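Reviewing the structure listed below.
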Amino acid sequence: MGQSELSGEHGAVIKAMIEASNAKRVGTAGDIAAAAAFLLDPATSYVSGTDLLVDGGVTATVRTGGLI
């Protein structure tokens with residue numbers, strides 16, 4: 001996520017989502033790389049057909065009513 005999104009029209013909503021999330025920070029390229037490395041690891045060869053949310057807990061926060 002770039003500064004343009006945070007300072008744009010929906011910046012206040014995005015910042016509120018980040019603050020309400022478990023991670024309380026914007027994700028990094030390293031976070032995405034770690035998820036990709038997990039999925040590419042031979043130890044996870046039996047994992048298939050799933051959604052891997054890499055969002056710092058934002059989706060869970062929204063779904064449980066933590067952000068209204």
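Values in this document were obtained by computation on a predicted structure and should not be read as measured data.
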Single-linkage hydrophobic cluster Leu40~Val47, side-chain heavy atoms < 4.5 angstrom: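 Different clusters.
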Hydrophobic cluster membership, Ile32 vs Val26, 4.5 Å side-chain cutoff: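 Ile32 does not cluster with Val26.
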Under 3.5 Å side-chain donor-acceptor pair for Asp31 and Thr28: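 Per modelled atom types, Asp31 and Thr28 side chains form a pair under 3.5 Å.
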Sidechain-backbone polar pair: Thr44 side chain, Phe38 backbone, donor-acceptor under 3.5 Å: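 Checking the backbone N and O of Phe38 against the side chain of Thr44, a donor-acceptor pair under 3.5 Å is found.
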Verdict with supporting geometry, Val58 and Asn22, side chain to side chain contact (heavy atoms under 4.5 Å, CB included): CA-CA 7 Å; Val58 170; Asn22 186 45; over 6 Å; no
Minimum-distance pair of heavy atoms, taken over all atoms of Ser21 and Gly57: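 The answer is CB-C, 4.2 Å.
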Residue pair Lys24 / Glu19: nearest heavy atoms and the distance that separates them: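 Minimum heavy-atom separation between Lys24 and Glu19: NZ-O, 2.8 Å.
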Stepwise side chain to side chain contact (heavy atoms under 4.5 Å, CB included) check, Thr61 with Met17: CA-CA 8 Å; Thr61 299; Met17 290 171 67; over 6 Å; no
Gap separating the CD atom of Glu9 from the OG atom of Ser4, nearest 0.5 angstrom: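 So the gap between those two atoms works out to 12.5 Å.
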